Amino acid sequence: MAAIQDVEAAASAGPAIAEKLLAWYGREGRSLPWRIPPGADETPDPYKVWLSEVMLQQTTVKAVLPRYGRFLRRWPRVEDLAAAPLGDVLAEWAGLGYYARARNLHACAVAVAEEHGGRFPATEAGLKQLPGIGDYTAAAIAAIAFNEPAAPVDGNIERVMTRLFALKTPLPEAKPEIKALAASLTPKDRPGDFAQCLMDLGAQICTPKRPACGLCPIRADCAGYAEGLAEVLPYKAAKAERPTRLGTAFVSVRQDGAVLLRERPPKGLLGGMLEVPSTPWEGQQASAPLDFAPLEADWRKKVGLVEHTFTHFHLKLEIYAAEVAEGAALSVAADPGRCRWVARRDLADAALPSLMRKVLRHGLGE
DNA sequence: AAGGCGTGGGC
DNA sequence: TGCCCAAGCCT
């Protein structure tokens with residue numbers, strides 16, 4: 001890894017670079033609902049900072065914006081969130097993905113409310129003990145909400161640092177060096193502003209594709225730019241290819257319009273969310289998919305497939321639909337204890353992930 | 001330590 | 001179209 005000279009260079013050139021960046025942040029930084037203006041004397045509410053950071057994990061600002069305000073209105077304080085049923089939190093999170101975040105968010109709220117008197121720990125180490133708070137989020141909350149001299153490193157900051165110092169070591173191997181460089185650049189008096197400044201630069205100027213180097217406040221300091229590598233850095237290790245899995249889902253519609261849904265196991269893929277009962281999803285279609293139907297009915301196969309891509313596999317689902325009698329008995333294989341009939345008008349607010357909304361739309365023929 | 005874990009947008 | 005990508009965490 002080496003590159004001690006990079007860290008020393010960052011430490012000596014650091015103050016000048018940080019000054020240019022913070023000046024840019026004052027002019028061009030984004031105004032976001034979980035932020036307070038740059039250079040303000042007070043620090044933002046740790047609960048709001050934490051919520052925004054968790055929502056933003058692997059999720060775009062655009063996707064988070066409409067959800068953050070809704071969530072905060074529903075549960076304005078950490079104690080409110082801690083008192084909510086997990087199912088309500090999952091329903092509010094539906095569509096945002098990575099549902100372990102919502103499960104951990106709830107567990108974290110309970111821990112803060114019950115074990116920390118309703119106040120978040122004020123240090124990076126203390127924050128990192130809490131569920132769903134890892135290296136990045138602990139450092140971000142410590143810096144932004146508590147003005148601690150922490151240096152969070154997210155994907156934006158990785159990109160900015162690898163370009164600024166022309167780091168050719170591929171990710172994730174380069175992470176320790178990136179962390180050291182970011183820490184050496186961080187001004188001790190404004191760690192929160194500086195972290196958010198780097199993230200804004202990464203999001204608006206130092207973008208993954210076609211970076212706007214012409215508008216960059218530190219182009220003159222950028223080794224990646226000087227070497228003509230800004231656009232191709234960071235180098236990344238190759239990722240595994242995604243297999244395709246197949247299955248068949250069964251949309252059961254009762255006479256009164258209610259739809260049969262089932263709660264998934266509490267952990268793992270879509271853990272704790274609701275699903276449309278289906279065969280297992282495997283490398284090939286089940287030879288007799290109807291054996292997996294949740295009840296006996298006149299099943300009709302819908303034309304076409306529902307396709308969905310998860311992080312680590314593609315999924316193609318055949319859809320069968322049937323209108324079923326009011327008192328139809330669920331098959332034992334359907335695990336009736338986890339099943340429930342949900343009225344059509346309640347679907348919008350149910351804990352249904354995007355995949356299952358696609359399945360319902362297809363199966364209900366809308 | 002590498003792989004599981006969502007989703008929607010952009011090219 | 002298919003792939004890449006977004007303020008990562010957990011095991």
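These values consider heavy atoms only, across backbone and side chains, with no hydrogens, waters or symmetry-generated copies. Each chain gets a letter, A, B and so on, in the order its sequence line appears, and its residues count up from 1. What you see is a predicted model, and the numbers here were worked out from it, not measured in a lab.
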Practice problem: With A/F292 as reference, evaluate A/S331, A/P280, A/S278 under the side-chain contact (heavy atoms from CB on, under 4.5 Å) test and give the passing residue. | Solution: A/P280

Quiz item: How are the rings of A/F71 and A/W93 set relative to one another: parallel (under 30°), tilted (30 to 60°) or perpendicular (over 60°)?
Solution: perpendicular

Exercise. Inspect the contact between A/E282 and A/R245 and indicate whether a charged nitrogen and a carboxylate oxygen are less than 4.0 angstrom apart.
Key: no

Quiz prompt | Where at least one partner belongs to residues 327-342 of chain A, residue pairs that pass salt bridge (Lys or Arg N to Asp or Glu O under 4.0 Å), sequence neighbours excluded | solution = A/E263-A/R340, A/D335-A/R338

Self-check item: Residues A/E53 and A/K48 bridged, charged N to O under 4.0 Å
Solution: no

Quiz item: Among residues 79-97 of chain A, which contact DNA chain C at a heavy-atom distance under 4.0 Å?
Solution: none

Quiz item: Hey, are A/D221 and A/R219 close enough for a salt bridge, meaning a charged N less than 4.0 Å from a carboxylate O?
Solution: no

Quiz item: Does a donor on one side chain and an acceptor on the other come within less than 3.5 Å for A/N156 and A/R159?
Solution: yes

Quiz prompt | With A/D346 via salt bridge (charged side-chain N to carboxylate O under 4.0 Å, His left out) - residues at least two apart | solution = none

Quiz item: Mind checking the P distance from B/dG3 to C/dA7? Whole angstroms is fine.
Solution: 23 Å

Practice problem: Taking side-chain contact (heavy atoms from CB on, under 4.5 Å) as the test, write out the residues that go with A/P38, two or more places apart. | Solution: A/Y25, A/R190, A/D193

Quiz item: How does each nucleotide of nucleotides 4-11 of chain C score, in 5' to 3' order, for protein heavy atoms under 4.0 Å: base (B), sugar-phosphate only (S), or none (-)?
Solution: -SBBBSS-

Quiz prompt | Gap in Å between the two P atoms, one belonging to B/dG8 and one to C/dC9, rounded | solution = 22 Å

Exercise. May I ask you to check whether A/Q57 and A/T137 show a side-chain donor-acceptor distance below 3.5 Å?
Key: yes

Quiz item: Between A/A100 and A/K62, which has a closest nucleotide on DNA chain B that is more 5'?
Solution: A/A100

Practice problem: For DNA chain B, note the earliest and the latest nucleotide, 5' to 3', having some atom under 4.0 Å of a heavy atom belonging to chain A. | Solution: B/dG4 to B/dG8

Quiz item: What is the nucleic acid contact for A/P172, judged by heavy atoms within less than 4.0 Å: base, sugar-phosphate only, or nothing?
Solution: nothing

